[in-house]
Amino acid sequence: GGCPWGPAVPRERVAELAAVHGDDMDTLVSRLLELSASLGAEGTQPSGSSEEEGDDTSFALLPSELLGPLLASLPLQALGSLALACKSTRVLVAQHLSSLRELRHERELKGWSNRRVLSLLRAASGLHSLSLDAAGDVGASLLSQALSQPAARRLASLRISGAGAPRSGCDVPLVDAVQEVLFDLPAELAQLSSLALNSCPALNDALAERLGSLPRLTSLSLAENPQLSQEIVTSLLQRCAGLTEADFSFCGDRLQARRAAGVSAAPPRATAAAAAALMGNG
């Protein structure tokens with residue numbers, strides 16, 4: 001009847017642990033799990049609860065002020081395991097995922113299958129910022145499917161790296177598939193205020209030109225795209241009047257030449273004014 005993560009921990013015991021361990025969340029989580037396991041071994045049940053109610057009176061009865069920090073301290077892999085423990089933890093994890101604001105594919109989700117990443121994106125209805133590694137055919141497929149999710153329509157910040165980059169050799173169909181996604185991006189994600197398309201071989205001048213139609217864009221990075229011309233960089237700086245931050249390092253003929261000469265093209269996260277000044281000098 002009880003949740004595998006242990007029965008309800010009495011509120012006063014949790015308060016005692018929190019007072020002792022303070023902000024040391026790792027230690028607090030470990031002690032809570034130890035306490036829950038010991039109570040489970042003793043067959044402890046909260047007063048007034050029945051065996052049938054155990055599944056709904058376990059982990060979920062932790063004080064609400066601790067549940068958020070506890071769940072936030074767990075890696076996404078552990079959250080998946082926790083969601084399988086019982087009904088109450090499944091609901092808690094679902095609520096937590098819906099409040100996620102940022103996901104970094106190349107960090108938190110490294111090694112995950114596309115199916116698992118897409119399931120997470122469907123659950124993360126409140127997502128604000130997304131970072132995707134789109135290299136290779138797997139990355140290209142993920143990019144296409146991820147940007148078609150409802151959560152993508154609410155993103156304010158999107159960072160894509162490696163779009164169109166084959167894992168090995170040249171893959172023309174891969175580039176063509178990614179270019180279709182990039183072509184539709186300005187129309188499908190018009191709400192974006194921050195966009196980064198770094199080291200994306202599939203990005204060309206025609207596709208970059210379309211980014212100038214994003215009405216809310218205040219931050220734009222096209223770093224490490226030497227295939228882009230100086231003209232398109234200049235055009236974007238002129239068209240995107242709302243830009244307050246831009247990074248065009250190692251883009252355009254002039255910047256590519258400066259890189260070959262060992263001169264830094266533009267500091268990462270440079271202001272738009274600084275990038276414009278760079279393009280106007282030399």
Side-chain angles (χ1 to χ4, degrees), residues 102-106 127-135 139-140 142-165 174-256 259 265-280:
E102 180 179 14
L103 279 178
R104 298 181 181 182
H105 175 231
E106 71 279 12
L127 204 60
H128 177 272
S129 175
L130 176 64
S131 176
L132 290 174
D133 176 3
L142 174 62
L143 176 64
S144 175
Q145 295 179 75
L147 297 190
S148 67
Q149 297 297 315
R153 304 298 187 275
R154 295 184 285 272
L155 289 174
S157 175
L158 176 64
R159 184 180 187 87
I160 299 171
S161 61
L174 169 63
V175 172
D176 290 344
V178 171
Q179 286 181 337
E180 290 182 13
V181 176
L182 296 181
F183 181 87
D184 293 333
L185 189 150
E188 296 293 333
L189 304 180
Q191 80 285 354
L192 289 175
S193 59
S194 177
L195 175 65
L197 298 173
N198 298 334
S199 301
C200 296
L203 185 65
N204 57 32
D205 279 10
L207 293 172
E209 180 72 26
R210 290 178 56 80
L211 302 179
S213 65
L214 288 167
R216 302 181 183 180
L217 206 59
T218 59
S219 176
L220 176 64
S221 175
L222 301 180
E224 300 288 346
N225 285 301
Q227 73 276 14
L228 298 181
S229 69
Q230 172 190 334
E231 288 72 24
I232 193 60
V233 174
T234 303
S235 174
L236 283 172
L237 285 170
Q238 293 171 346
R239 292 185 61 197
C240 300
L243 282 184
T244 59
E245 193 173 47
D247 182 2
F248 297 109
S249 54
F250 309 132
C251 292
D253 299 336
R254 182 180 305 167
L255 298 185
Q256 192 174 5
R259 183 183 190 190
R269 314 300 291 174
T271 63
L278 173 66
M279 294 305 301

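Side chains are part of it too, since the values below use all heavy atoms of this structure and drop only hydrogens, waters and symmetry mates.
The salt bridge (Lys or Arg N to Asp or Glu O under 4.0 Å) test applied to Arg216 returns no partner, not counting sequence neighbours. Take Ser131 and apply the side chain to side chain donor-acceptor pair (under 3.5 Å) test, not counting sequence neighbours, and it matches Glu106.
Asn198 places no side-chain N or O within donor-acceptor distance of the main-chain N or O of Glu224, the cut-off being under 3.5 Å. In this structure, the side chain of Ser161 does not engage the main chain of Ser199 through any donor-acceptor pair within 3.5 Å. With Gln191 contributing its side chain and Ala152 its backbone, the two residues share a donor-acceptor pair below 3.5 Å. Without hydrogens or angle criteria, Glu209 side chain to Ile232 main chain gives no donor-acceptor distance under 3.5 Å. With hydrogens and angles disregarded, no donor-acceptor distance shorter than 3.5 Å links the side chain of Ser249 to the backbone of Ala223. Under the 3.5 Å distance criterion, the side-chain polar atoms of His128 are left unmatched by any main-chain donor or acceptor of Ala156.
Within the structure, the side-chain hydrogen bond (donor to acceptor under 3.5 Å, both in side chains) test picks out the following pairs touching residues 177-188 (sequence neighbours left out): Arg153-Glu188.
The minimum heavy-atom distance linking Ser194 with Leu217 is given by the pair N-CD1, 4.0 Å. Shown here for Ile160 and Cys200, the closest heavy-atom pair between the two residues is O-SG, 3.7 Å.
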Point to revise | Leu197 vs Leu207, side chain to side chain contact (heavy atoms under 4.5 Å, CB included): CA-CA, chis, key distance, verdict | key: CA-CA 11 Å; Leu197 298 173; Leu207 293 172; over 6 Å; no
Review point. Would Leu147 and Leu158 satisfy side chain to side chain contact (heavy atoms under 4.5 Å, CB included), going step by step from the backbone distance to the final call?
Key: CA-CA 10 Å; Leu147 297 190; Leu158 176 64; 4.0 Å; yes
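Residues Asp205 and Leu228 have side chains in contact (heavy-atom distance under 4.5 Å, counting atoms from C-beta outward). Between Arg239 and Ser213, some side-chain heavy-atom pair lies under the 4.5 Å cut-off. Put simply, the side chain of Leu222 does not reach to within 4.5 Å of the side chain of Val233, judged on heavy atoms. The closest side-chain heavy-atom distance from Ser219 to Thr244 is not below 4.5 Å.
Once rounded to the nearest 0.5 Å, the distance linking CG of Leu243 with CG of Leu236 reads 8.0 Å. With rounding to the nearest 0.5 Å, the separation of CZ in Arg210 from CG in Leu203 is 12.0 Å. For the atom pair CG of Leu185 and CG of Leu211, the computed distance is 7.0 Å after rounding to the nearest 0.5 Å. Atoms CG and CG, from Asn204 and Leu182 in turn, are 8.5 Å apart once rounded to the nearest 0.5 Å. Taking SG of Cys251 as the start and CD of Gln230 as the end, the distance is 11.5 Å to the nearest 0.5 Å. Note: Arg154 CZ to Leu127 CG = 9.0 Å, rounded to the nearest 0.5 Å.
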